[in-house]
Chemist: 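Pasting a structure below so you can have a look.
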Amino acid sequence: MLQIHNLSATVADKPILKGLSLTINAGEIHAIMGPNGAGKSTLGYTLGGRPGYEVTGGEVSFNGQDLLALAPHERAAAGLFLGFQYPVEIPGVSFVQFLREALNSQRRSRDEAPLSGGEFLKLAREKAALLKLDMEMLKRPVNVGFSGGEKKRAEMVQMGILDPKLAILDETDSGLDIDALRICGEGINSIMRKPDKAVLLITHYQRLLDYVRPDFVHVLAGGRIVRSGGPELAVQLEHHGYEDVA
Amino acid sequence: MSDLATIPTSKSEDWRYAPANALAQIWPIAVEEIHVAAGGSDALTLVQDGGDRSGGGEPIARQILLVLEDHAEFDLTILNLGGTYSRIAVEARLGKASRLFIGGVQLAGANDKLEIATEVTHAEPDATSRQIIRSVAGGTASATYLGKVRVERGADGSDGAQSVRAMLLSPTATANARPELEIYADDVKCAHGCAVGELDAMGLFYLASRGIAPRQAKALMLQAFIAEALKGAADADNLHAQAQDRLSRLLEGEL
Ligand SMILES: Nc1ncnc2c1ncn2[C@@H]1O[C@H](COP(=O)(O)OP(=O)(O)O)[C@@H](O)[C@H]1O
Ligand SMILES: [Mg+2]
């Protein structure tokens with residue numbers, strides 16, 4: 001589904017990703033762990049196409065398409081979802097309005113009929129319930145006044161509504177209490193654990209991986225994948241830190 | 001406000017952003033008077049469009065004189081949609097415990113020069129005035145707000161607020177904002193805030209990451225930006241639709 005080959009990227013002229021390679025197949029869940037400042041968020045932003053994150057080398061193919069040639073909104077329409085470490089507040093624009101425009105934009109670009117207001121609300125209500133987020137909150141401006149945990153649950157509601165092929169989830173577990181962690185973990189499983197989908201979990205901690213069991217675990221340090229293994233690698237990292245493995 | 005008998009020069013503070021040739025064309029300006037009797041309440045929506053996006057349109061200027069008697073209320077909503085020079089000026093005189101709301105939106109593209117000028121005088125005690133002005137400027141356009149709140153001697157308990165914000169869509173666009181206070185009374189609550197900015201890049205990326213194309217993302221954020229100024233209008237939905245139409249054409253020119 002996703003093939004990253006030798007990807008290099010700079011932020012503000014500073015090289016952050018330095019020849020990163022990673023392959024993710026449909027049906028797989030991968031976790032990327034690594035110390036602060038390793039470049040984990042930079043990887044997510046670069047794949048999402050954030051302005052200012054400049055690719056200086058390498059290729060990324062997403063379901064056969066050259067991902068890097070697409071504008072950010074086209075990457076979304078192609079089936080990529082980026083869960084933000086720090087979800088952005090958009091004053092004055094409600095979640096419902098924003099998500100309906102987002103979903104219908106994606107659908108139009110795939111030549112699918114847009115959802116009516118009623119159809120959209122039904123879908124939104126269903127996904128909000130899955131993440132135990134009060135539907136009333138989706139009538140409020142995007143992320144404004146939401147707690148850290150509510151923002152992360154709202155990210156997962158968005159993922160449920162947009163139904164991507166590949167989700168890159170950047171520290172979805174940070175800022176969550178134990179109940180919210182379980183709810184988000186179960187949400188990820190129910191939305192994304194399917195044969196035709198894949199997930200890249202970016203995380204610091206083992207704890208999310210107790211709910212969303214990864215098939216592969218990678219260590220990102222110094223802008224590259226320095227080690228890959230199975231779920232046992234996450235446990236090992238939890239006990240021994242990054243020093244030994246990286 | 002300035003004497004309307006003679007054509008002002010650009011040295012006049014009230015007209016400093018007006019193109020010299022426009023003044024000769026629009027002069028003299030008829031003053032439209034609105035009177036709200038004691039205890040009465042009224043509202044007005046002004047939509048002004050100088051048309052002709054190619055830049056050849058005629059300049060337009062309106063001058064409103066608004067007199068609110070004691071305990072009168074008035075809601076004025078202004079939608080200034082474009083033109084080589086499109087000015088709406090309001091001079092308001094507030095009686096005792098009267099209330100005035102002015103919501104103003106200006107959407108300037110290409111080489112538009114748009115202007116809202118207000119002079120609100122709290123002549124008697126306990127009147128309230130609220131002004132919310134939101135301007136958007138792209139291309140080489142300029143959007144100007146000149147607003148004075150004057151509190152006369154003895155007009156204690158006056159409460160006047162101006163909130164002025166502008167959003168620039170291009171590096172060659174200009175926003176001028178000059179909120180002013182002139183206070184000759186005691187025990188007065190007056191506040192003004194003014195900010196010129198650009199659309200939040202992180203917000204635009206967030207919207208894009210969900211599948212919303214750049215022009216649509218900007219339109220969504222700008223629609224939210226102007227909303228506060230339109231909330232007093234009875235026909236807000238219609239105004240939003242007109243603004244949205246204008247915004248999407250304005251953004252077409254930006255991308
Ligand atoms: N916008 C930016 N401007 C300058 N440097 C940045 C920016 N974003 C990230 N960096 C730098 O890139 C490096 C990697 O950051 P990041 O990808 O956020 O790491 P991680 O998510 O693994 O903690 C850090 O050294 C950080 O300081
Ligand atoms: Mg990070």
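All chains are named by letter (A, B, ...) in the order of the sequence lines, taking the proteins before the strands, and each is independently numbered beginning at 1.
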Chemist: Around atom NZ of Lys151(A), are there more than 12 heavy atoms from other residues, nucleotides or ligands closer than 6.0 Å?
Modeler: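 Check passes, neighbour count above 12.
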Chemist: Once rounded to the nearest 0.5 Å, what's the spacing between atom CG of Leu82(A) and atom CZ of Arg210(B)?
Modeler: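 CZ of Arg210(B) is found 6.5 Å from CG of Leu82(A).
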Chemist: Count the heavy atoms of every other residue, nucleotide or ligand shown that sit under 6.0 Å from CD of Glu198(B), and state whether that count exceeds 12.
Modeler: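 Open: at most 12 neighbouring heavy atoms sit under 6.0 Å from CD of Glu198(B).
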Chemist: Test your reading of the model: is there a side-chain donor-acceptor pair from Arg50(A) to the backbone of Met202(B), 3.5 Å cut-off?
Modeler: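 The answer is no, because no donor-acceptor pair under 3.5 Å joins these two groups.
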Chemist: Hey, could you give me the CG/OG distance between Leu162(A) and Ser209(B), rounded to the nearest 0.5 Å?
Modeler: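 Going from the CG atom of Leu162(A) to the OG atom of Ser209(B) covers 9.0 Å.
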Chemist: Between Tyr86(A) and Tyr206(B), is a side chain to side chain contact (heavy atoms under 4.5 Å, CB included) present by the stated rule, with each step listed?
Modeler: CA-CA 10 Å; Tyr86(A) 304 106; Tyr206(B) 191 68; over 6 Å; no
Chemist: Measure distances from Arg107(A) to the heavy atoms of chain B and classify the residue's part below 4.5 Å as side chain, backbone, both or neither.
Modeler: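 Neither part, no heavy atoms under 4.5 Å.
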Chemist: Quick one: CD1 on Ile90(A) to CG on Asp200(B), what's the gap to the nearest 0.5 Å?
Modeler: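 Going from CD1 on Ile90(A) over to CG on Asp200(B), the span is 7.0 Å.
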Chemist: Check each atom of Asn143(A) against the heavy atoms of chain B and say whether the ones under 4.5 Å are side chain, backbone, both or neither.
Modeler: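 Interface part for Asn143(A): side chain.
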Chemist: Less than 4.5 Å to any heavy atom of chain B: does that hold for the side chain of Pro141(A), its backbone, both, or neither?
Modeler: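 Neither the backbone nor the side chain of Pro141(A) comes within 4.5 Å of chain B.
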Chemist: Answer with side chain, backbone, both or neither: which region of Ala213(B) has an atom nearer than 4.5 Å to a non-hydrogen atom of chain A?
Modeler: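 The answer is both parts of Ala213(B).
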Chemist: Answer yes or no: are there more than 12 heavy-atom neighbours, outside Asp13(A) itself, under 6.0 Å from its atom CG?
Modeler: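 Counting other residues, nucleotides and ligands, CG of Asp13(A) stays at 12 neighbours or fewer.
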Chemist: Let me know if Leu207(B) has heavy atoms under 4.5 Å from chain A in its side chain, its backbone, both or neither.
Modeler: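 Both the backbone and the side chain of Leu207(B) come within 4.5 Å of chain A.
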Chemist: Do Phe205(B) and Tyr53(A) make the cut of ring centroids closer than 6.0 angstrom?
Modeler: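 When the ring centroids of Phe205(B) and Tyr53(A) are compared, they turn out to be at least 6.0 Å apart.
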Chemist: Which heavy atom of Ala208(B) sits nearest a heavy atom of Ala76(A), and at what distance?
Modeler: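 Smallest heavy-atom distance, with atoms named: O-CB, 4.0 Å.
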Chemist: Relative to chain B, which of Glu101(A), Glu89(A), Met159(A) shows the most heavy atom pairs under 4.5 Å?
Modeler: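 If we count pairs closer than 4.5 Å to chain B, Glu101(A) comes out on top.
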Chemist: For chain B, find which of Arg75(A), Gln106(A), Gln97(A), Glu74(A) contributes the most heavy-atom pairs closer than 4.5 angstrom.
Modeler: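 The answer is Gln106(A).
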Chemist: Take a 6.0 Å sphere around CG of Asp237(B) and say whether it holds more than 12 heavy atoms from other residues, nucleotides or ligands.
Modeler: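 Check fails, neighbour count at 12 or below.
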Chemist: Please give me the minimum heavy-atom distance between Ile212(B) and Ala102(A), naming the atom from each residue.
Modeler: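 Between these two residues, the closest heavy atoms are CG1-CA, 3.6 Å.
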Chemist: I'd like to verify something: which residue of Met221(B), Gln223(B), Gln216(B) has the highest number of heavy-atom pairs under 4.5 Å with chain A?
Modeler: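 It is Gln216(B).
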Chemist: What pair of heavy atoms forms the shortest contact from Ser105(A) to Gly211(B), and how long is it?
Modeler: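 That closest heavy-atom pairing would be CB-O, 3.3 Å.
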